[in-house]
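The next block holds one structure in the form of structure tokens; read it before the comments.
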Amino acid sequence: MTDAVEHVDILIVGAGPVGMTLHLALAAGGRKSLLLDRRPQQALQADPRALALSHGARELLEQIDGWPTRAATPIETIHVSQQDGFGRTLIDHADYKLPALGYVVRYRDLAAALAANLAPDALLAEAEILDITPGSDGTTVALRHAGQLRMLRCQLLVHAEGTPGDDPAVSVSDYGQHAVVCEVKPTPGHNKRAWERFTPDGPLALLPLGDEYSIVFTLPPEKADAVMALDDDAFIAALQAQFGNRMRFAKAGKRSRFPLALRQRDTLVKGSEVWIGNAAQTLHPVSGQGFNLGLRDAWQLAEILLRDGVDRASLEAYATSRRLDRRGGAFFTDGIVKAFSNDCGPLKLARGLGLFALDLFPPARHFVAKRMIWGARAWP
Ligand SMILES: Cc1cc2nc3c(=O)[nH]c(=O)nc-3n(C[C@H](O)[C@H](O)[C@H](O)COP(=O)(O)OP(=O)(O)OC[C@H]3O[C@@H](n4cnc5c(N)ncnc54)[C@H](O)[C@@H]3O)c2cc1C
């Protein structure tokens with residue numbers, strides 16, 4: 001046990017991809033911060049998710065040498081449709097003069113690319129926070145690390161711990177859906193095309209990854225139980241039934257599942273604490289917005305801290321600057337899930353007309369595409 005208080009300028013709790021991005025963006029501007037995570041660093045290598053990252057995300061990650069070039073599969077087109085209904089739209093990278101609309105990367109490859117740039121003393125791994133005491137000029141964090149009790153006093157405490165648990169400051173809206181993720185081999189090849197197929201059970205996404213598709217198969221919890229229990233052949237048949245026959249699937253990889261809810265923190269800043277990434281907002285994975293949004297949180301916070309320093313005004317400026325992008329991301333994903341995850345006849349008709357309109361009316365399609373590529377910068 002030690003009574004000595006160590007002083008840290010900026011302490012980032014959570015060394016996931018968002019926390020590491022903030023640390024590296026600050027370091028690139030010459031500002032030191034300390035990362036802290038409760039898990040060993042290798043734990044990120046066990047995460048089964050694949051992430052669709054926008055072209056805008058690639059541009060930001062390249063600036064901190066955090067872009068996993070060889071592990072990224074480009075998405076050149078995105079096909080959007082609904083099961084047993086008319087209407088479909090195709091978004092094509094050629095319309096935006098970009099090499100790709102986005103890229104698919106395994107969470108673990110992204111984490112490894114970011115971690116490769118951390119200095120040896122940048123991270124306290126396997127650290128357990130025991131207490132957080134806010135003060136008038138900073139926050140004191142008591143923690144246990146490598147068998148030692150330590151007290152860290154920081155000017156700014158950044159929460160990047162990922163999806164929050166029960167907390168009165170976080171509003172929760174449960175989707176009654178679970179995402180089953182795994183990788184499958186398609187025949188013919190994917191031709192760099194992603195698919196978003198809406199079904200009454202929830203959206204089914206196919207993301208090109210190497211020679212395979214990374215699948216996000218969204219289902220009500222009891223159907224997810226059943227799908228998780230199937231053997232590989234029966235799982236492929238269930239996936240095939242949900243997707244249709246435009247492609248054949250084979251060789252299902254290991255399956256994992258994630259319960260889905262919209263979690264939004266009401267206030268991003270409290271005293272000298274600030275929340276970013278999934279700790280600030282956890283979205284439904286439809287249209288792959290979550291990390292893209294968290295990355296923009298980290299980037300914007302780093303820019304403001306590097307320009308204005310740490311004080312109440314700069315933190316408030318940060319919260320204000322993120323309002324439109326956060327609300328837009330939540331509104332976009334929540335609206336899509338609610339409008340598409342049902343079998344209501346009139347809604348199916350309206351959805352079909354909507355998809356038709358997107359296809360026939362390029363400005364509307366371009367707006368949706370730009371929102372996915374740039375976030376709030378898509379707004380005029
Ligand atoms: C099925 C699925 C598919 C998805 N697909 C996409 C996609 O295609 N595109 C996209 O942009 N997003 C996608 N997302 C969202 C994306 O995964 C998240 O937005 C992203 O991982 C958030 O990163 P983060 O660093 O904020 O949190 P996390 O990745 O959760 O990292 C949080 C870190 O904090 C640590 N931690 C937690 N609690 C503590 C504590 N008390 N003390 C210390 N450390 C702590 C954890 O160990 C972890 O290392 C998807 C999500 C799901 C569930």
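Just follow the structure's listing: the first ligand is 1, and inside any ligand the first atom is 1.
Here Arg327 does not pair with Asp334 in a salt bridge; the nearest charged N to carboxylate O distance is not below 4.0 Å. Note on Arg265 versus Asp167: salt bridge recorded, some NZ/NE/NH1/NH2 to OD/OE distance being below 4.0 Å.
The only option from Lys254, Arg106, Arg49 that meets the salt bridge (Lys or Arg N to Asp or Glu O under 4.0 Å) definition with Glu183 turns out to be Arg106.
When the side chains of ILVMFWY residues are joined at heavy-atom separations under 4.5 Å, either directly or via intervening members, Ile78 and Val104 end up in a single hydrophobic cluster.
Relative ring orientation between Tyr213 and Phe249 is described as perpendicular, the plane-to-plane angle rising above 60° on a 0-90° scale split at 30° and 60°.
Contact residues for ligand 1 (protein heavy atom closer than 4.0 angstrom to any ligand atom): Val13, Gly14, Gly16, Pro17, Val18, Leu36, Asp37, Arg38, Arg39, Leu44, Arg49, Ala50, Leu51, Ala52, Tyr107, Ala160, Glu161, Gly162, Ala179, Val181, Phe258, Gly277, Asn278, Pro285, Gly288, Gln289, Gly290, Phe291, Asn292.
By the salt bridge (charged side-chain N to carboxylate O under 4.0 Å, His left out) test, Asp232 is found to be paired with Arg255, residues two or more places apart in sequence or in another chain being considered.
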